[in-house]
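Everything on this sheet refers to the single structure shown next.
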Protein chains: 2
Amino acid sequence: MTQQRIQVAVDIVVFTVQEQALKLLLIQRGIAPFKGRYALPGGFVLAKETLEQAAFRELFEETGTTDVYLEQLYTFGDPDRDPRSRVVTVAYYALVPTDKSPLLAGTDAAAAGWYPVLALPSLAFDHGKIVEYAVDRLRNKLEYTNVGFQLLPSKFTLSALQDLHEAILGKELDKRNFRRKVLGLGLVKPSKEMQATGRKPAQLFSFRHTT
Amino acid sequence: MTQQRIQVAVDIVVFTVQEQALKLLLIQRGIAPFKGRYALPGGFVLAKETLEQAAFRELFEETGTTDVYLEQLYTFGDPDRDPRSRVVTVAYYALVPTDKSPLLAGTDAAAAGWYPVLALPSLAFDHGKIVEYAVDRLRNKLEYTNVGFQLLPSKFTLSALQDLHEAILGKELDKRNFRRKVLGLGLVKPSKEMQATGRKPAQLFSFRHTT
DNA sequence: CCAAAAGTGTTAGGAGTACACCCATGG
DNA sequence: CCATGGGTGTACTCCTAACACTTTTGG
């Protein structure tokens, strides 16, 4: 019994934060099927690359950045998820820091953009399901790890970090409890610098690299 | 740029518990590469089945059981993980209840068997890595869900449940705290029956289905 | 009667949550 | 001087973890 041809792709849910909202990268499709609909960036895996390398490559082609956190999410392989042929896609999610979320002046610039997770257009293929899965994972991960830092510039205020958590979790957090917890975990270290953004200047912190 | 042929397989880490030890199903390979080495059950995905169906099918072919918990684990796709050709494998793990872990009188019976996780032989391909990943996941899952029940017969004593947890986590648990927690979570309901196994008879419980 | 597993409460420490006011600055 | 966001402490609850003895049965 020989195996029918199955193609292997990667799709990436690229998150960033802009204007206190969690957003992700979508590309408007220029060709059928789903012409004109929005889809996740992605593409086929090449012969000599790992799955992760394929994801990084696609990500770089779309955004120009390489400094991102990337993690495998789940593999979607229903026989009819792509109407053209059988495609199994390994989904990844990526976190790109606010100050590096590019404006995409590259190749497909016109067709690509950041869309707030809370107001997404309807997506091509099963990409809606993939996004849902990714948002869930990100929320869970945030509860018990430090992934959040991957979305901020290297120096940030605690208020910015809190805004980020609130944007991702979709709920408000108590300022004092949040600060105590973050500082108590020791994942963050204070810098001498201040940021004069609001009224009263705020202290800047940086992520303490522990590995 | 066309994509080179990539094959898609599923591999399954099938867990069970026998004699208070966590074990998994391995099959001794009859052909090269890795002839004579042990490997996880698995095989190629067919044209018209989902990934999960493929995993269930393979599992049934090896064990004859269908009454199992099955969950996707991770997808492994390094270009050289199979020396013959490029194979991307979607790994699943399965939990089969103690009283249903079959003795494998089927086709490849001679070559298949249950091996304790704590004393595994060296495995073919990257299956060692897959197993490691599966054990980690199972341990994590156990901490905050009820997967444990999937490994026990429908009626069980609390001591059996505790032994199971200890076998998976690899550490001893306090009896009183364990019982309080399990009962407090309300995931388990007492039955009227008693089991006369040890010295003093023990009360039997069953998993409370909540979905 | 003895070995072996079943069963049962209390206490102390840590984590999470709720809650309100003063401070520094720019306009 | 006032509006805006920055910054701080305390009390209560709940979960976790540590810890030892009595009960029931089979042999």
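Letters A, B, ... are given to chains in the order of the sequence lines, protein chains preceding strands, and every chain is numbered from 1. The analysis underlying the following values was restricted to heavy atoms, covering all of them including side chains, and did not include hydrogens, waters or symmetry mates.
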[X] [atom1] to [N] [atom2], straight-line distance once rounded to whole Å:
| X | N | atom1 | atom2 | value |
| --- | --- | --- | --- | --- |
| B:L161 | C:dA5 | CG | P | 18 Å |
| A:K200 | C:dC21 | NZ | P | 17 Å |
| B:Q195 | D:dT24 | CD | P | 19 Å |
| A:M194 | D:dG5 | CE | C1' | 14 Å |
| B:F205 | C:dG7 | CZ | C1' | 10 Å |
| B:H165 | D:dA17 | NE2 | C1' | 17 Å |

> If you look only at pairs with a residue in residues 166-187 of chain B, which of them pass as a ring-ring contact (aromatic ring centres under 6.0 Å, His included), with sequence neighbours excluded?
Replying inline: B:H165-B:F178
> Which residues, if any, of residues 166-185 of chain A bring a heavy atom under 4.0 Å of DNA chain D?
Replying inline: A:K175, A:R176, A:R179, A:R180
> Taking only residues two or more places apart in sequence or in another chain, which ones pass side chain to side chain donor-acceptor pair (under 3.5 Å) with A:E132?
Replying inline: none
> For B:R180, what residues pass the side chain to side chain donor-acceptor pair (under 3.5 Å) criterion, not counting sequence neighbours?
Replying inline: B:N177
> From the list D:dG6, C:dA5, D:dG26, which nucleotide is the closest neighbour of the side chain of B:R199?
Replying inline: D:dG26
>> Over 60° means perpendicular and under 30° means parallel, so tell me whether A:F15 and A:Y93 are parallel, tilted or perpendicular.
In response: perpendicular
> Can you name the residues that form a salt bridge (Lys or Arg N to Asp or Glu O under 4.0 Å) with A:D126, not counting sequence neighbours?
Replying inline: A:R81
> Residues two or more places apart in sequence or in another chain: which of them pass salt bridge (Lys or Arg N to Asp or Glu O under 4.0 Å) with A:D80?
Replying inline: none
> For D:dG5, does OP1 or OP2 lie under 4.0 Å from any side-chain N or O of A:S159?
Replying inline: no
